[in-house]
2 protein chains.
Amino acid sequence: MTRLQKAILEVVKSSDKHLSAKEIYAKVQSAFPGVAMGTIYRNLNKFAEDKLIRRVSGLASADLFEGNLLPHNHSQCLACGKVADVHIAGMKEFVQEHIGDETVSLDLLVNVICSDCMKKDGNFVFEQPDPKVGC
Amino acid sequence: MTRLQKAILEVVKSSDKHLSAKEIYAKVQSAFPGVAMGTIYRNLNKFAEDKLIRRVSGLASADLFEGNLLPHNHSQCLACGKVADVHIAGMKEFVQEHIGDETVSLDLLVNVICSDCMKKDGNFVFEQPDPKVGC
DNA sequence: ATTGTTGCAAAGGGTTTGCACGTAA
DNA sequence: TTACGTGCAAACCCTTTGCAACAAT
C-alpha cells in the first residue's frame, strides 16, 4: 500500500462522520497537494470492495464513505441532509419474513427531520411529503 | 393537461413494471415521435410532485417510475437488476422504535438474488457480498 | 396578451476510465 | 522487466435547465 493509499484510508477510518469523495479529496490534499479526484475514487472503490471501508449510496446527494463496518443503516434529514447511523436489531429477519427471495443485504434509508432542524422550525410541515416516499 | 402529458402519465400508470425515464421515453415516442427527453423528465417530476406517480430512487441504476401509489418498498436483484415491490406490514413502526427523530418516510431497498437468477446459477455465491451492504 | 408546454441543446453533478508517465519490486 | 499506482483529461450516465418557438386560453 502506498503512502497515498494509507492517507486516504486513514481519513475515512479516523473520521466519525460520513464523508463524500470531495471531502476526502480535500483532506488528503493537505498532505498530498497533487492528488487527483480519479485516484481518490479508484482507491475508495478498492477499499470498499475489500471491505476496508463502506460506501453509502442511495442518498439524496453524493455517495458517502465511512469506516464503520458494523452492520447498520442510515437516516438522512430531509431539511439539512445530515446523515446518521441507525441500528435496528432484527431488521434483516423482520424483512426476510415478508419476501420470497433470499435477502443478500438491506439498505434502509430513514428520511427524517432531525432534532436540530425541528428546533429551528418546530412547525416543519411537509405539505407534500418527500417525493421519494417509501412507506 | 396536454395530450402528450396524458400519454406520459398513461404509460406509467398502465404499466405493472417500474420504468426508467428512458423506457418511458421510448414508449411515448411511438405516439409522439418528436418528444424530447427533457420533456419526459419535466413531466415525470411534476407528476411525482403531484403524487400522480411515484419515483423510486437509490437503486443501482437509474431512477424508476411507477403508478402504484400504495405505500411499499422495493427489492432489487443484484444479479439481473430486476426491481420488485416489497410489502412489509408495520415497517415504519418497527423502525420508529429505534430512532430518536421523527420518521418522515422510509426507503427500504432489499438486495436479493431473485429466484430466476438462482435457478440459472443455484450456486450463486457472493465472495464479497454487495459493496453497498446495509445490514 | 398571457400563460404554460415543448424541442433543443447545453450544462450540471457525480463518477469512471483510457492513457502515458512514474514508481517500486 | 513486470506490475502496479498516479495525474490528467476526457468521457460517462442520468438528470436538469435556459431559451426561443409554440400552443392554448
Side-chain angles (χ1 to χ4, degrees), chain A residues 1-12 17-50 52-66 74 76 81 83 107 109 130-132, chain B residues 1-12 17-50 52-66 74 76 81 83 107 109 130-132:
Chain A
M1 226 194 238
T2 63
R3 263 160 297 151
L4 174 53
Q5 288 175 327
K6 278 179 198 155
I8 296 171
L9 186 55
E10 178 61 17
V11 164
V12 179
K17 287 186 261 178
H18 309 78
L19 301 174
S20 67
K22 208 186 292 181
E23 289 167 330
I24 295 162
Y25 174 62
K27 284 178 193 282
V28 172
Q29 250 185 339
S30 60
F32 296 80
V35 69
M37 200 66 205
T39 303
I40 298 287
Y41 271 110
R42 262 190 295 246
N43 284 304
L44 289 174
N45 285 340
K46 187 145 65 70
F47 296 154
E49 269 175 34
D50 295 348
L52 299 177
I53 65 175
R54 177 171 160 199
R55 183 177 201 149
V56 183
S57 27
L59 304 170
S61 54
D63 286 1
L64 301 180
F65 299 86
E66 65 179 344
H74 298 94
Q76 72 180 340
V83 171
D107 287 312
L109 184 60
D130 178 28
K132 298 174 205 156
Chain B
M1 228 195 237
T2 63
R3 262 159 298 153
L4 174 53
Q5 288 174 327
K6 279 180 198 153
I8 295 172
L9 186 54
E10 178 62 16
V11 164
V12 178
K17 287 186 261 180
H18 308 78
L19 301 174
S20 66
K22 209 188 290 182
E23 289 167 330
I24 295 162
Y25 174 63
K27 284 178 193 280
V28 171
Q29 251 186 338
S30 60
F32 295 80
V35 71
M37 199 65 202
T39 303
I40 297 287
Y41 271 110
R42 261 189 296 245
N43 284 305
L44 289 175
N45 285 340
K46 187 144 65 71
F47 297 154
E49 268 175 36
D50 296 347
L52 299 177
I53 64 175
R54 177 172 158 197
R55 181 176 202 148
V56 183
S57 27
L59 304 171
S61 54
D63 285 2
L64 301 179
F65 300 85
E66 66 179 342
H74 298 95
Q76 73 180 341
V83 171
D107 287 312
L109 184 60
D130 178 30
K132 299 175 205 156

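The structure displayed is predicted, hence computed values, not measured ones. Only this structure's heavy atoms are used, side chains among them; waters, hydrogens and symmetry mates stay out. Throughout, protein chains are lettered first and strands after them, A, B, ... in sequence-line order, and every chain is numbered starting at 1.
- Applying the 4.0 Å criterion to OP1 and OP2 of C:dG4, one finds that B:Gln5 has every side-chain N and O outside that range.
- Proximity of A:Asn45 to the phosphate of C:dT15: no side-chain N or O atom is located under 4.0 Å from OP1 or OP2.
- In this structure, B:Met37 atom CE and C:dA10 atom P are separated by 18 Å, rounded to whole Å.
- The rotation axes computed at either terminus of the helix from C:dA1-D:dT25 to C:dA25-D:dT1 lie 10° apart, taking five pairs at each end and rounding to 10 degrees.
- In the set C:dT6, C:dG7, D:dT15, C:dT6 carries the atom at the smallest distance from any side-chain atom of B:Thr2.
- Put simply, B:Ser20 has no side-chain N or O that comes within less than 4.0 Å of OP1 or OP2 on D:dC14.
- Annotation for B:Asp63 and B:Arg55: closest pair OD2-NE, 2.8 Å, computed over non-hydrogen atoms.
- Remark: C1' of D:dG5 and CG of A:Leu44 are 15 Å apart, rounded to the nearest angstrom.
- Checked by atom type, the side-chain pair A:Glu66/A:His74 shows a donor-acceptor distance below 3.5 Å.
- A straight line from CD1 of B:Ile40 to C1' of D:dT16 spans 14 Å, rounded to a whole angstrom.
- A donor-acceptor pair under 3.5 Å links the side-chain atoms of A:Gln76 to the main chain of A:Ala60, judged by distance alone.
- From A:Asn43, atom CG reaches atom CG of A:Leu52 across 11.0 Å, with rounding to the nearest 0.5 Å.
- Between B:Thr39 and B:Ser61, it is B:Ser61 whose nearest contact on DNA chain D lies nearer the 5' terminus.
- No hydrogens or angles were tested; on distance alone, a donor-acceptor pair under 3.5 Å links the side chain of A:Arg42 to the base of D:dG7.
- Remark: P of C:dT23 and CZ of A:Phe32 are 14 Å apart, rounded to the nearest angstrom.
- Atom P of nucleotide C:dT15 and atom NZ of A:Lys46 are separated by 19 Å, given to the nearest angstrom.
- A straight line from CD of B:Glu23 to P of D:dC14 spans 11 Å, rounded to a whole angstrom.
- Within the model, atoms CE of B:Met1 and CG of B:Leu9 stand 5.0 Å from one another, a figure rounded to the nearest 0.5 Å.
- Of all heavy-atom pairs between A:Phe47 and A:Gln5, the closest is CZ-O, 3.6 Å.
- Straight-line distance from the CD atom of A:Gln29 to the C1' atom of D:dT6: 15 Å, rounded to whole Å.
- Side chain of A:Asn43, nearest nucleotide from D:dT15, C:dA24, D:dT6: D:dT6.
- Rounded to a whole Å, the OH atom of B:Tyr41 is 13 Å from the C1' atom of C:dG12.
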Please list, one pair per line, the donor and acceptor atoms closer than 3.5 Å that link side chains of residues 28-41 of chain B to other protein atoms, with sequence neighbours excluded.
{"residue": "B:Gln29", "atom": "NE2", "partner": "B:Tyr25", "partner atom": "OH", "Å": "3.1"}
{"residue": "B:Ser30", "atom": "OG", "partner": "B:Lys27", "partner atom": "O", "Å": "2.7"}

